[in-house]
Chemist: 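My structure is below; once you've seen it, I'll send some questions.
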Protein chains: 2
Amino acid sequence: MNKLYGYWRSSAAYRVRIALNYKGLDAEHVPVHLVRDGGEQHTAEYQALNASELVPTYTESDGLVLTQSIAILEYLQDTHPTPTILPYHPKERAVVRSMVQTIASDLHPLNNLRVLQMLAKMGFDDQQKKDWYRHWMLTGFRAFEALLEHNAGDYCFGDEVSMADICLVPQVYNARRFDIDLSEFKHIQRIDGHCCELSAFAMAQPEQQPDAGS
Amino acid sequence: MNKLYGYWRSSAAYRVRIALNYKGLDAEHVPVHLVRDGGEQHTAEYQALNASELVPTYTESDGLVLTQSIAILEYLQDTHPTPTILPYHPKERAVVRSMVQTIASDLHPLNNLRVLQMLAKMGFDDQQKKDWYRHWMLTGFRAFEALLEHNAGDYCFGDEVSMADICLVPQVYNARRFDIDLSEFKHIQRIDGHCCELSAFAMAQPEQQPDAGS
């Protein structure tokens, strides 16, 4: 059976959960607790699967081991193209991928758990960590909202769900969790609302996972 | 004419330069000086093209405006598949994309100019910035080296150039620029050497760009 190693609150794992649900694919969800005992992602056993010591990791029974949520999304799209999470035309697909990377490369990595832990170790207090988090969230969302201004319909790119929505929704979840005021982001809020009405997104929510609250 | 807005030392722009060269594609290189006058990427004119206020941006004469180096690489691959920078088989392509994201999402964003500027603004001194830079470089390269251990040949994935090499070489350039000891990374050093023998990579080097040294 295919497995998804993740953590209920990891927004990168959340992306893959949405994509699996949206494409109707099964995977055994294996929880990796990112905080308990210093973080289960740092055990030798997990490190052998994922040398980055991050979640998610996706495995298939033939031995395939894939790290990196965006690489996993692309793989699910390549191997199960219907329903699609990328537009057909190369220029449109490219715009969706820019949206994806605006979150996955520019925003999310800066606010990841390991980064906040490193900042604390280097002397940041709680308020400085909050300021840092908020700064990158707002910077990233402003860029994302500008892309939506040119491209959004009911969803991030026109009226079809794409990888961009799959990356946006977990990021909005993070923003709410850290009490960030999203009122300036009209498109982001509207699209998040549309997505959360879809069962693929709703079932992937952190609070719906077996390890929620742990 | 297609245009690539970049900066000689930007490793994200460097990736796109390699891909354009490798695929034999022309683009007018438009320099955006990331430091002069507080950074030309923050002008209203550039921000209208790239709301993230980052380089690179790739444009085509029909009005296409693409941000995010990885989205641009994927677009060049989609529209000019030969010579390819992704393996044919989905599982192999997925592994290359994991390598790409290990650099583009996990490593590079943490050491970007704007991040170092923010750390300084929040009180980090030069030594702390260096420690930060080195920490994430080594963390990222250790994960990347582990992926190479399973997959490398002459290049990152087997014996063909891929997006993984295109992301690795600019990162190695950064590491050398910051005097980071790479001796533990046997595969990374070996593959970087092979790539730099290829004219597509050599011509894309920062020092070969018209704005070099500016």
Side-chain angles (χ1 to χ4, degrees), chain A residues 12 47-48 50-54 58 60 62 64-79 89-91 93-102 104-110 112 114-115 118-119 122-124 128 131-132 135-136 139-140 142-147 149-150, chain B residues 12 47-48 50-54 58 60 62 64-79 89-91 93-102 104-110 112 114-115 118-119 122-124 128 131-132 135-136 139-140 142-147 149-150:
Chain A
Q47 209 203 350
N50 186 325
S52 297
E53 303 175 34
L54 294 167
Y58 174 77
E60 295 192 349
D62 66 355
L64 178 74
V65 177
L66 276 185
T67 63
Q68 297 292 337
S69 61
I70 304 307
I72 300 168
L73 295 185
E74 293 273 3
Y75 174 71
L76 297 176
Q77 171 68 10
D78 276 348
T79 51
H89 292 288
K91 286 176 205 253
R93 211 179 309 154
V95 172
V96 167
R97 286 186 172 128
S98 330
M99 292 178 174
V100 164
Q101 296 293 335
T102 297
S105 288
D106 286 353
L107 197 177
H108 176 255
L110 293 166
N112 214 347
R114 63 181 190 158
V115 172
M118 178 56 57
L119 289 169
M122 293 183 78
F124 270 36
Q128 285 176 302
D131 292 345
W132 170 274
H135 173 79
W136 297 117
T139 301
R142 280 172 193 147
F144 199 88
E145 183 82 3
L147 289 171
E149 186 66 35
H150 297 295
Chain B
Q47 209 202 351
N50 186 324
S52 297
E53 302 176 33
L54 294 167
Y58 174 77
E60 294 192 348
D62 66 356
L64 178 74
V65 177
L66 276 186
T67 64
Q68 297 293 337
S69 61
I70 305 307
I72 299 168
L73 296 185
E74 293 273 3
Y75 174 71
L76 297 177
Q77 171 68 12
D78 276 349
T79 50
H89 292 289
K91 286 178 203 249
R93 211 179 310 155
V95 172
V96 167
R97 285 186 172 127
S98 316
M99 291 178 175
V100 164
Q101 295 294 332
T102 297
S105 289
D106 287 353
L107 198 177
H108 176 255
L110 294 167
N112 213 347
R114 62 178 192 161
V115 173
M118 177 56 57
L119 289 170
M122 294 183 78
F124 269 36
Q128 285 175 302
D131 291 346
W132 170 273
H135 173 79
W136 297 116
T139 302
R142 280 172 192 146
F144 199 87
E145 184 81 2
L147 288 171
E149 186 66 35
H150 297 296

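Within every chain, numbering begins at 1; the chains are lettered A, B, ... in the order of the sequence lines, protein sequences first and strands thereafter.
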Chemist: Any idea which heavy atoms bring A:Ala71 and A:Thr67 closest together, and the distance?
Modeler: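 Smallest heavy-atom distance, with atoms named: CB-O, 3.8 Å.
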Chemist: Would you mind checking which part of B:Val100 comes under 4.5 Å of any heavy atom in chain A, side chain (CB onward), backbone (N, CA, C, O), both or neither?
Modeler: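 Neither part, no heavy atoms under 4.5 Å.
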Chemist: Looking at every heavy atom in both A:Asp62 and B:Lys91, which two are closest together, and how far apart are they?
Modeler: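 Where A:Asp62 meets B:Lys91 most closely, the heavy atoms are OD2-NZ, 2.6 Å.
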Chemist: Check each atom of A:His135 against the heavy atoms of chain B and say whether the ones under 4.5 Å are side chain, backbone, both or neither.
Modeler: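 The side chain, not the backbone.
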Chemist: For A:Ser98 and B:Gln68, indicate whether the former's side chain and the latter's backbone hold a donor-acceptor pair under 3.5 Å.
Modeler: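 The answer is no, because no donor-acceptor pair under 3.5 Å joins these two groups.
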Chemist: List the atom of A:Tyr75, the atom of B:Pro90, and the distance in Å for their closest heavy-atom pair.
Modeler: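 Minimum heavy-atom contact is CD1-O, 3.7 Å.
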Chemist: I'd like to know which of A:Thr79, A:Val95, A:Thr102 tops the heavy-atom pair count under 4.5 Å against chain B.
Modeler: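 Result: the option with the highest number of such pairs is A:Thr102.
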Chemist: Taking the side chain as every heavy atom from C-beta outward, state whether B:Gln101 and B:Ile70 have any pair of such atoms under 4.5 Å apart.
Modeler: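 Counting from C-beta outward, B:Gln101 and B:Ile70 do come under 4.5 Å.
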Chemist: B:Leu110 versus chain A, heavy atoms under 4.5 Å apart: side chain, backbone, both or neither?
Modeler: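 It is both, since atoms from each part get that close.
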Chemist: Kindly assign one of parallel, tilted or perpendicular to the pair B:Phe124 and B:Trp132, based on the angle between their ring planes and the thresholds 30° and 60°.
Modeler: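 Ring orientation, 0 to 90° scale: perpendicular.
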Chemist: Salt bridge between A:Arg142 and B:Glu53, side-chain N to carboxylate O under 4.0 Å?
Modeler: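 No, this pair does not count.
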Chemist: Side chain, backbone, both or neither: which part of B:Glu145 has a heavy atom under 4.5 Å from chain A?
Modeler: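 Neither part.
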Chemist: Can you tell which of A:Arg114, A:Gln47, A:His150, A:Glu60 has the highest number of heavy-atom pairs within less than 4.5 Å of chain B?
Modeler: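 Of the candidates given, the most pairs with chain B belong to A:Arg114.
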Chemist: Looking at A:Ala143, is its backbone amide N or carbonyl O close enough to the side chain of B:Ser52 to form a donor-acceptor pair, meaning the two atoms are under 3.5 Å apart?
Modeler: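 Answer holds: no.
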Chemist: Go through the atoms of A:Val115 and report whether side chain, backbone, both or neither lie under 4.5 Å from a heavy atom of chain B.
Modeler: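 When you check distances to chain B, atoms from both the backbone and side chain of A:Val115 fall under 4.5 Å.
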Chemist: Where does B:Leu54 contact chain A at under 4.5 Å (heavy atoms): side chain, backbone, both or neither?
Modeler: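 Contact with chain A is through the side chain of B:Leu54 alone.
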Chemist: With a 4.5 angstrom heavy-atom cut-off, which part of A:Asn50 approaches chain B: side chain, backbone, both or neither?
Modeler: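 The answer is neither part of A:Asn50.
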Chemist: If you count heavy-atom pairs under 4.5 Å with chain B, which of A:Gly140, A:Gly123, A:Ala104 comes out on top?
Modeler: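 Ranked by contacts with chain B, first place is A:Ala104.
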Chemist: Measure distances from B:Thr139 to the heavy atoms of chain A and classify the residue's part below 4.5 Å as side chain, backbone, both or neither.
Modeler: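 Contact with chain A involves the side chain of B:Thr139 alone.
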Chemist: Between chain B and each of A:Ile72, A:Asp131, A:Leu64, A:Asp106, count heavy-atom pairs under 4.5 Å; write down the option with the most.
Modeler: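 Of A:Ile72, A:Asp131, A:Leu64, A:Asp106, A:Asp106 has the most heavy-atom pairs under 4.5 Å with chain B.
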Chemist: Considering non-hydrogen atoms only, spot the tightest contact between A:Ser105 and B:Ser105 and give its length.
Modeler: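 Heavy atoms only, the tightest pair is OG-OG, 3.4 Å.
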Chemist: Name the option with the most non-hydrogen atom pairs under 4.5 Å to chain B; the candidates are A:Leu119, A:Val65, A:Leu107.
Modeler: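 Option with the top pair count is A:Leu119.
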